[in-house]
Amino acid sequence: MGVGYWHEFSTLRGSREALSGGGTASGPSKLHEGFDAFCRRQELAEETRRAAKMVILNVDPPGHPEFIDCKVKEERKARVLIERGYDSSIDGEAYSSVFFQNANHSVRVTDEFMQAAEEDRAWWTRNVTDGNKPADQFRGAHTFLRRMAESAWNCGDPGIQ
């Protein structure tokens, strides 16, 4: 029997938020890579089916472009390997050499975000650690929503909750 996990990354600092000791945080996507490696190890130990995890990020914190794009980028790598002749099966060399194959990504949207998308208003992500100060502005929430849809069209993720 396989193993399933879920992780809610919305309370983690965004990739450009300051650390108290200096520097900037790695952000949710980097931590996600570590969890992906853990699931891959679990999968090898189980040998009956792949381990899986659900990774959830609210629409508010920074780091969304990296989160939305990370699986698409890895899928592109797999496609290049397949074009070069690597095994394209689910457990083949192409897919076992890229990240996020054991993950289902979801973005949790709010009514406020969906209203902003419908009205084509700007959307701000908000820092996690400094009282939700605005961090990144997207010209239109609809553009941000479209980016999620295009990613889902390419690789099936992120889902929207």
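As the structure is a computational prediction, the values presented were derived from the model and not from experiment.
- Taken to the nearest 0.5 Å, the CE atom of M148 stands 10.5 Å off from the CZ atom of F67.
- Once rounded to the nearest 0.5 Å, the distance linking SG of C155 with CD of Q101 reads 8.5 Å.
- Contact detail for W123 and E112: the closest heavy-atom pair is CZ3-CG, 3.9 Å.
- Hydrophobic cluster membership differs between M114 and W124, with clusters built from Ile, Leu, Val, Met, Phe, Trp and Tyr side chains linked at under 4.5 angstrom.
- Judged purely by atom type and a 3.5 angstrom limit, D87 uses its side chain to pair as donor or acceptor with the backbone of S89.
- At distances below 3.5 Å, not a single donor-acceptor pair connects side-chain atoms of E93 with backbone N or O atoms of Y86.
- The minimum heavy-atom distance between A94 and A78, with the atom names listed, is CB-O, 3.8 Å.
- Contact check for K71 versus F99: no side-chain heavy atoms found under the 4.5 Å cut-off.
- Heavy-atom neighbours of R79 CZ from other residues, nucleotides or ligands within 6.0 Å: above the threshold of 12.
- The closest donor-acceptor contact from the side chain of S88 to the backbone of I82 lies at 3.5 Å or more, if one exists at all.
- The line from CZ of R139 to CG of D120 is 11.5 Å long, rounded to the nearest 0.5 Å.
- With a 4.5 Å cut-off on side-chain heavy atoms, H105 and L57 do not count as touching.
- Expressed to the nearest 0.5 Å, how far OG1 of T125 lies from CZ of F144 amounts to 7.5 Å.
- By the 4.0 Å N-to-carboxylate-O rule, K77 lies close enough to E74 to be salt-bridged with it.
- Linking Ile, Leu, Val, Met, Phe, Trp and Tyr residues whenever their side-chain heavy atoms come within less than 4.5 Å leaves V72 and F100 in two separate clusters.
- With a 4.5 Å cut-off on side-chain heavy atoms, H142 and E119 do not count as touching.
- A salt bridge links E150 to R146: at least one charged side-chain nitrogen sits closer than 4.0 Å to a carboxylate oxygen.
- Among all heavy-atom pairs drawn from P158 and A152, the shortest one is O-CB, 3.7 Å.
- Taking 4.5 Å as the limit, every side-chain heavy atom of I160 sits out of range of all side-chain heavy atoms of V59.
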Verdict with supporting geometry, E75 and N154, side chain to side chain contact (heavy atoms under 4.5 Å, CB included): CA-CA 8 Å; E75 288 281 338; N154 276 292; over 6 Å; no
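- In this structure, A117 and A141 approach most closely via the heavy-atom pair N-CB, 3.4 Å.
- Taken from CZ in R121 to CZ in F113, the straight-line distance is 11.0 Å, to the nearest 0.5 Å.
- Note on D69 versus R147: salt bridge recorded, some NZ/NE/NH1/NH2 to OD/OE distance being below 4.0 Å.
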